[in-house]
Novice: 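I'd like to ask some things about the structure below.
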Amino acid sequence: MTRLLIVTAVEAEAAAVRTGVLASGVDPATVDVIPVGVGPAAAAAGTARLLALAEAGGAAYRAVISAGIAGGFPGRAEVGATVLGARTIAADLGAESPEGFLPVDRLGFGSNLLEADPALLKTLTTALPHAIVGDILTLSTVTGTAGTAAALLTRHPDAVAEAMEGYGVACAAQAAGVPCGELRTVSNPIGPRDRAAWRLREAFSALTEATAAACG
Ligand SMILES: O=C(O)c1cccc(C(=O)CC[C@H]2O[C@@H](n3cnc4c(=O)[nH]cnc43)[C@H](O)[C@@H]2O)c1
């Protein structure tokens with residue numbers, strides 16, 4: 001029996017995903033849903049540990065999905081929307097310069113971008129035909145100004161959403177040779193910080209629905 005690993009940042013996201021797994025009718029023993037912490041470092045460390053333990057136990061995961069809530073770029077992914085990452089991009093991994101931000105690949109230190117596994121992405125887009133497919137940015141800092149939102153879109157014209165874990169999860173999956181994808185539902189618009197505008201209940205409910213469809 002090969003298992004699927006779904007990692008979230010926080011327990012509230014994991015609970016929404018587990019409800020979706022149960023609703024899908026799939027054998028819940030075939031899907032592990034585990035919160036690994038907020039941010040790319042916690043996500044990479046937590047996911048790498050889970051993948052290594054499973055492999056060492058002779059029951060490697062068949063795939064890993066980074067799931068949770070996200071900020072959506074207005075006009076591209078509105079609150080309540082489901083987004084699937086075609087690519088995950090570490091949007092703040094690099095260096096500042098007087099000429100602007102220099103991504104890590106321009107510095108000659110690897111890449112700030114990882115593509116979703118094509119077969120996994122195809123499975124997810126087929127199960128979720130209304131999902132918005134595009135680049136999902138990973139940031140250590142939640143965007144809180146119109147200026148940063150605009151700068152991110154200039155640098156990443158295919159971005160639809162931002163969150164804080166996808167690139168970390170993808171790095172761990174790549175190191176383990178496990179297919180990886182990212183599934184998120186939008187809780188808030190990206191732009192000037194307005195915590196009161198976050199629609200957590202709507203996003204968690206959309207996350208449950210998306211998981212049920214994706215696993216079913
Ligand atoms: O209130 C805050 O400013 C705040 C700061 C850090 C984390 C949070 C969370 O609620 C953590 C949950 C999770 O949500 C993802 N998320 C949701 N919206 C965004 C966003 O606009 N930009 C980046 N990440 C977002 C993220 O993956 C967090 O792990 C709240």
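We count ligands from 1, going down the list as the structure has it; atoms in each ligand are counted the same way.
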Novice: Hey, does the side chain of E13 reach the backbone of V10 with a donor-acceptor pair shorter than 3.5 angstrom?
Specialist: yes
Novice: Can you pull the residues with any heavy atom under 4.0 Å from ligand 1?
Specialist: A9, E13, V38, I69, A70, G71, V142, E162, A163, M164, E165, R184, S187, N188, R193, R195, W198
Novice: Determine, using the 4.5 Å side-chain heavy-atom cutoff (strictly less than), whether L114 and L107 are members of one ILVMFWY cluster.
Specialist: yes
Novice: If we ignore angles and hydrogens, is there a donor and acceptor under 3.5 Å between the side chains of E162 and T138?
Specialist: no
Novice: Consider only side-chain N and O atoms of T145 and T148, and report whether a donor and an acceptor are under 3.5 Å apart.
Specialist: yes
Novice: I'd like to know if the side chain of R18 pairs up with that of T211 as donor and acceptor (distance under 3.5 Å, no hydrogens or angles considered).
Specialist: no
Novice: If you look only at pairs with a residue in residues 128-146, which of them pass as a salt bridge (Lys or Arg N to Asp or Glu O under 4.0 Å), with sequence neighbours excluded?
Specialist: R87-D135
